[in-house]
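One structure is given here, and the rest of the page talks about it.
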Amino acid sequence: MTDKQLPKNLQDIISHQNTESNNQTKGYQQAKEHHEVKSPQQTNDLKYSTSPQLLDVHQEAENMPDLAKRHFFKRIGMVGATGVAATTGVAAAVEATKAKPSWGGSSFMDAMGDLFQDHYTRMTNEEMTEALDRIKRKAKRKFGVDIKCEDTKPMPDTYFGYALNLSKCRGYRECVEGCIRENNQGRDSQVQYIRVLEMDEGDSNLEHSDHYYDPATVPMKGKYYLPVQCQQCDNAPCVKACPVEATWMDTDGIVVIDYNWCIGCRMCMSACPYWARHFNWTEPQIATEDLNHNTNYLGNRPRMKGVVEKCHFCTQRTRKGRQPACMEACPTGARVFGNLLDPESEIRWILENKTVFRLKEELGTEPKFWYFTDEARART
Amino acid sequence: MRTFFTFLMDGMKTALRGGPLYYMWMLFLLILIGITGWSYSYQLRDGMVITGLSDQVSWGFYIANFAFFVGIAAAGVLLTVPAYIFHRKDVKSVVLIGEAMALSSVLVAMGFVGVDIGRIDRAWHVLPYLGKFNWPSSMLAWDIVVLNGYLFLNLFIPMYILFNHYKGIEVPVRKYFFWVVLTCFWAISIHTVTAWLLSSNVARPFWHTSLMAPRFISSAFTAGPALMIIILQLVRRFTDYPVSQGVIKMLAIIMAIAMQISLYFVAAELFTDFYFEGAHAASMHYLFLGLDGFDGLKSWIWTAVGFNLIALVLLMVHKTRNNMVTLNIACVLGFVGIWIEKGMGLVVTGFIPTPLGEIFEYTPTLMELGVSVGIYALGAFVFTILTKVAIEIELGRMGKFKNIKQGVGNAGDLDNKIIVEPLPTTATVS
């Protein structure tokens, strides 16, 4: 490995990883095959034939039922609407959940199985198989389809990082859409792991950013675009804050969540400096035809209400050597995902040759998400 | 034979007996608890969507009340110290009421955390061994430890004393002195940890200040005595238990001092944020002046500032502090002022703007208030029972204890007739 030209913090991360990998948490099994993370040109990923467009928020609001509208207003930040929501909230909530099956859509035995399910790192293989079966049965009952749900372990000698080229990003929000389709986020609740901020040229103050710009008019003159998602911090405040260890950093550097262990206290949401964590304020609603059947336990399996979720670098894809969905969806090639431990990877080339920065680095969170521009750094 | 079992049974009988006013009060509280049960069933069924919370403002009314009531619980120590460390007899006669208030407040605080978590069915995950407890890393894990510890301390010390009184035994203080001292330190710890729960978040500049814990303690020692003064008057009014005016005077002076410190801390924070306004001042700007046209909390915080200042003047002027009407006004204003400032003002403001600079406001929903109302009522319910039983034992009507009348005097000769040694502070201020 040629460590000579690595930035210092990256060296820290890699050396940290090398000591960590010898000392893996009980229950993690190393994958049998070593997969290379391919560069974007080499990978021929699955494409989605059906791609429901994100709601055109301004028009759709008029036609939404009350509950959806309430969510909608939550997302778009119309403050005056909260008062309306407060008064209609009760009635709307009652309406929306009529005729729900008992046990939250489970059989009694499955509900009990969920209730007493152990922490991810303590589950035996049999217990994990049962847990995965319960997830599949629940999806079958809820969506009427057979889904695949696996517990994909981290690959050996892998430590993931992400780099994003701000010169190339034009704010199309294709990454947001790709992410939602891939990761089974609630459509009514409009949970989005990626938020693209429209920034004024010459200004990087996040408070001046526009979160709700119209993606049909981009790129706008005088603006640039800053996509933000979970930065997969190496020193993650959310992991430290969780009272029950429902979230932790896996050996491949991804901060994952056991949705079945999360108690929904939202301590991690207060702790996150990147607003990456999102709560399921109600049961996430997804149309059957929009459901991604290829799911992972610590990834995009259907979530339940009352738990926190966030970007997990598409564990269901990246742990099998594929690209994350946002990278695949990006039409401008602004996104570069890869293995930081692989000296031949594109992300390593970027870190070695480009001027990069990380968001809120002064907080000491050590994000594994870098931003860079087309301008190459002068070599010495 | 007076055993622990007969103690519990007699206690239960005492709790179930009472005049029409007692029954009406308890029925009223039960109705409020019922409203909480009804509202909470919707929250269980539909999720926390029934609240006004959002990904932007992910904690609100529940956590604000949690933080506030941990403070009220901690203020119980203000009676413990003079009673057991300075041996003031008049304070010692009401210290059990203070401990009942602390215990009930801890229950209220825990109740608010309980309704705030999204998966109450997984609450067992915080149990040691069975669950997975992220201790000592997580401040919430610390909070669970210290709150439960405080709950048990405030349950077992009074129970030990009362059980012995019930048997007709006066236990010397030295036998439980260690636990009393532990409770005093523990009281400070519960509120400090609650403050650190907020100030430990580097993501939220508004909370990320070392002044948070001192501010919490000083405001708790303002709101706590305010509530205590009102409760002691109610006890005096509705029971024949003697409550010395000296205790109320002492609490009023503590409140006067704590309010000055609390407001001084607020002023120190305002100066630091506003002298040269950086990005970290955005939340403070939102709270006091509004930000980009959003000013949902502005009128609230100025109300709180106004209330606190009026209360401060009433408490600092000797004449108004000693007049029960103006003292009660000061208590109500101070209590409400602190509740706004440290509850909604502190918790909600931390989320505005979000770490990505979005401004999204929060208003609690009716359902959220519905869930909350019975949690307060539960506290009042538990407090009423504990106080009633304690008073019956202390007055010798339940069990064999007879000392109280010799020690402090009858209900008839109250109001300054009981001569007690004043604290040094009392002497200098008055």
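Naming: A, B, ... by sequence-line order, numbering from 1 per chain. What's counted below: heavy atoms across the whole structure, side chains too, no hydrogens, waters or symmetry copies. It should be emphasised that the depicted structure is a prediction, and the values quoted were computed from it without experimental measurement.
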Choice from B:Val113, B:Asn201, B:Asp121, B:Val202 maximising heavy atom contacts with chain A below 4.5 Å: B:Asn201
Heavy-atom pair count under 4.5 Å with chain A, highest-scoring of B:Ala279, B:Ala203, B:Gly47: B:Ala203
With a 4.5 angstrom heavy-atom cut-off, could you sort out which part of [X] is near chain A: side chain, backbone, both or neither?
| X | answer |
| --- | --- |
| B:Trp207 | side chain |
| B:Trp124 | side chain |
| B:Leu44 | backbone |

With a 4.5 angstrom heavy-atom cut-off, which part of [X] approaches chain B: side chain, backbone, both or neither?
| X | answer |
| --- | --- |
| A:Val228 | side chain |
| A:Ala271 | both |
| A:Asp114 | neither |
| A:Val239 | backbone |

Approximate separation, where rounding is to 0.5 Å, of [X] [atom1] and [Y] [atom2]:
| X | Y | atom1 | atom2 | answer |
| --- | --- | --- | --- | --- |
| B:Leu147 | B:Leu140 | CG | CG | 9.5 Å |
| B:Leu198 | B:Leu346 | CG | CG | 6.0 Å |
| A:Asp188 | A:Gln285 | CG | CD | 5.5 Å |

Is any side-chain N of the basic residue among [X] and [Y] closer than 4.0 Å to the acidic one's carboxylate O?
| X | Y | value |
| --- | --- | --- |
| A:Arg266 | B:Asp116 | yes |
| A:Lys138 | A:Asp110 | no |
| A:Glu309 | A:Arg301 | no |
| A:Arg303 | A:Glu283 | no |

Stepwise salt bridge (Lys or Arg N to Asp or Glu O under 4.0 Å) test for B:Glu358 and A:Arg195: CA-CA 11 Å; B:Glu358 184 184 357; A:Arg195 188 153 273 217; 2.8 Å; yes
Of all of [options], which one pairs up most often with chain B through heavy atoms under 4.5 Å apart?
| options | result |
| --- | --- |
| A:Gly306, A:Ser209, A:Cys272 | A:Gly306 |
| A:Leu206, A:Ile263, A:Thr365 | A:Ile263 |
| A:Leu363, A:Asn260, A:Val307, A:Leu359 | A:Asn260 |

Any donor-acceptor N or O pair under 3.5 Å, side chains A:His278, B:Asp55: yes
Parallel, tilted or perpendicular, as decided by the 30° and 60° cut-offs, for the rings of B:His125 and A:Trp261: parallel
A:Phe279 and A:Trp281 aromatic ring geometry - parallel, tilted or perpendicular at 30°/60° bounds: perpendicular
Steps toward side-chain hydrogen bond (donor to acceptor under 3.5 Å, both in side chains) verdict (A:Arg277, A:Thr247): CA-CA 11 Å; A:Arg277 289 180 164 257; A:Thr247 185; 2.8 Å; yes
Chain A-proximal positions within residues 58-71 of chain B [heavy-atom distance under 4.5 Å]: B:Ser58, B:Trp59
